Amino acid sequence: MNELRTAPVSRRNTELWLLILAMVVAVGAGYLAGLSNPEGLSPEFAKQGAVLCALALGMHIVLRIWAKYADPIILPCVVALNGIGVAMIHRLDITTGDTAATRQLLWTGVAMAAAMAVIWAIRDHRMLRRATYIFLMISGVLMVLPLIPGLGVEINGARIWVRLAGMSFQPGELAKITLSIFFAGYLSSNRDLILLAGRKIGPLQLPRVRDMAPMILAWGLSIGILILQRDLGSAILFFGLFMAMIYVATARISWIVIGLGLVAVGGLLAAQFMGHVERRINAWIHAFDPEVINAQYGSHQIVQGMFGLANGGLFGTGFGNGRPDLVPYANSDMIVTALGEELGLIGVIAVVLLYVLLVSRGIRAALGTRDAFGKLLASGLSFTIGLQCFVVIGGVTRLIPLTGLTTPFVAAGGSSLLANWIIIALLLLVSNNARKPVPSADLANEVVLKKEANA
Amino acid sequence: MTELALTAMRLGFLILLWILILSIVGALRRDLLVGKRAGAATAPPPARAADTGEQASQQPPKQHPTSLELVEGPQSGTSIELAASPILLGRAQEATLVLVDDYASARHARLFPQGSRWFIEDLGSTNGTYLGESQLTRAQPVDLGQQIRIGKTVMELRA
């Protein structure tokens with residue numbers, strides 16, 4: 001085993017240094033956003049900066065204690081993204097008179113506390129594997145919750161919300177974590193069967209029909225979400241997650257071919273028979289048609305967003321000088337265009353790069369860890385972050401039809417923040433496992449075996 | 001605050017953002033170097049090279065196994081081609097190499113490629129898998145010509 005002889009280094013000091021830089025970015029963004037207040041520097045600024053820095057340092061200390069060898073880059077990336085998000089939301093609040101930034105800050109606190117609790121409680125991600133099927137059940141419950149009458153509510157045509165005691169929450173966001181854990185557990189146990197059985201046609205090794213069942217099930221589930229909850233974004237996310245994980249588990253192109261085939265069939269059916277999907281596609285292709293712009297659920301949002309991006313240009317207008325508030329849902333779905341308008345292409349590329357670095361570190365943790373379950377879990381979770389970014393940023397820049405997914409860590413939304421911070425906690429745990437020294441018992445064992453082999 | 005100062009701060013923020021990214025990339029680069037050094041260390045470390053030196057010099061340089069041949073047991077003489085995918089050994093019909101051996105388990109062992117080598121791993125079989133003389137307790141690399149024994153069947157990798 002190659003990993004055995006890497007000298008394990010705890011890189012918490014590197015992390016601290018990068019974290020300080022990330023906090024400077026977050027506070028700087030908050031300061032510039034606060035300056036856009038017409039009555040002088042907004043009083044919210046100090047509070048936001050202090051809370052964010054305290055939370056980030058708290059997380060750093062938790063890592064020092066319980067996950068000493070975790071990846072040093074993940075946390076600074078996320079703190080910077082979260083800080084930029086809060087600043088942008090606050091800047092939009094100043095124009096619209098909302099208090100979304102305060103809520104976002106509160107949820108950041110809750111989410112980071114949850115992430116710290118996950119690190120403290122789990123320590124070793126492998127214990128999650130024991131509960132593989134329990135996580136399947138939890139995923140099922142989470143996904144059905146919004147459909148229960150009286151509990152679930154419909155907002156903007158999608159039935160993905162649960163309202164309890166005045167708080168609304170998207171259980172689907174948490175379902176992507178529990179589903180990743182289930183897929184990782186299931187595939188790490190059944191990989192050999194899925195991988196080895198089946199006949200070969202040309203370069204493709206086709207799986208047996210009964211091994212296809214989980215894939216068909218995942219497909220059915222996504223279609224179900226599409227029909228019952230009318231949420232294109234989650235449907236894409238769940239199916240994409242499953243496809244990515246089965247590909248990682250088996251390294252068979254045939255799964256991707258079959259998966260894309262199913263997506264094509266599902267997509268064609270949805271575009272034909274489901275009004276909301278049809279409207280989305282229409283708003284994407286004919287975005288600048290005046291009729292489509294003015295239609296209800298038309299392309300007004302996309303077009304406004306693109307005008308914003310164009311207005312921002314290379315360097316951006318600066319916080320407070322653009323009009324990102326003209327875009328509907330500027331602080332959640334469309335926050336990337338708001339950032340693009342005020343930070344410019346240079347700023348948006350930096351934000352995208354932060355995501356790229358984050359995802360690449362997740363994949364690195366998957367490569368480094370020694371157990372199949374951890375590999376699958378880390379790659380699945382990193383993939384969800386990457387796919388979400390692609391779907392959202394691709395949507396607002398009109399590369400693909402716009403769907404209602406959130407930009408991880410940046411967009412306003414408590415459920416998304418909570419889920420994504422828990423994902424980060426899990427990635428940190430897997431990376432800690434990947435980099436920490438192997439217990440000496442294993443090493444001793446290896447030396448004995450080596451000697452036997454030589455004798 | 002003057003317009004000029006604001007503009008300077010605006011640009012300063014963009015620069016700051018990129019400083020963060022470049023610092024992260026810098027830290028990453030160090031991390032990649034660590035990985036490289038680790039890769040170099042997989043060749044036997046100097047201290048151990050002394051007692052394995054004889055064997056190491058006998059090993060033909062970089063010959064990749066292309067087939068798995070059964071050399072003893074009921075199916076002696078059979079061989080299967082090695083591709084890039086793992087091989088399941090056992091009595092189960094799903095196995096890549098179905099063993100006709102009463103002492104083998106249904107899903108007995110797994111032979112899989114990693115890097116340029118093949119590893120054998122016991123899948124919790126009843127009677128165990130032996131590599132040379134020693135019973136496997138975890139995945140171990142298999143060299144060309146080294147004997148793998150499952151029940152009464154003995155097999156080895158051939159180039």
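Every chain is numbered from 1, with letters handed out A, B, ... down the list of sequences. Everything numeric here is computed off the predicted structure, so don't read it as measured data.
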Q.
If I take atom CG from residue A:Leu357 and atom CD1 from residue B:Ile24, how far apart are they, to the nearest 0.5 angstrom?
A. 5.5 Å
**Q.** Side chain, backbone, both or neither of A:Leu343 within contact of chain B (heavy atoms, under 4.5 Å)
**A.** both
Q | B:Leu11 portion near chain A, given a 4.5 angstrom heavy-atom threshold | A | side chain
Q. Between A:Leu18 and B:Ser23, what is the shortest heavy-atom contact and its length?
A. CD2-CB, 3.6 Å
Q) Which bit of B:Leu16 comes within less than 4.5 Å of chain A, counting heavy atoms only: side chain, backbone, both or neither? A) both
Q) With a 4.5 angstrom heavy-atom cut-off, which part of A:Ile346 approaches chain B: side chain, backbone, both or neither? A) both
Q.
So, taking the atom named CZ in A:Phe319 and the one named CZ in B:Phe13, what distance separates them when rounded to the nearest 0.5 Å?
A. 5.0 Å
**Q.** Shortest non-hydrogen separation from A:Thr14 to B:Ala27 and the atoms involved
**A.** CG2-CB, 3.9 Å
Q) Which distance, rounded to the nearest 0.5 Å, do you find between the CG of B:Leu28 and the CZ of A:Arg364? A) 10.0 Å
Q.
Using the side-chain contact (heavy atoms from CB on, under 4.5 Å) definition, which of the options B:Leu22, B:Val25, B:Ile21 pairs with A:Leu353?
A. B:Ile21
Q) Roughly how far, to the nearest 0.5 Å, is the CD1 atom of B:Ile19 from the CG atom of A:Leu21? A) 7.0 Å
Q.
With heavy-atom distances below 4.5 Å as the criterion, would you say the side chains of A:Ile349 and B:Trp18 are in contact?
A. yes
Q: Enter the distance from B:Arg10:CZ to A:Phe315:CZ here, rounded to the nearest 0.5 Å.
A: 9.0 Å
Q | Pairwise side-chain contact, A:Val24 with B:Leu20, heavy-atom cut-off 4.5 Å (strictly under) | A | no
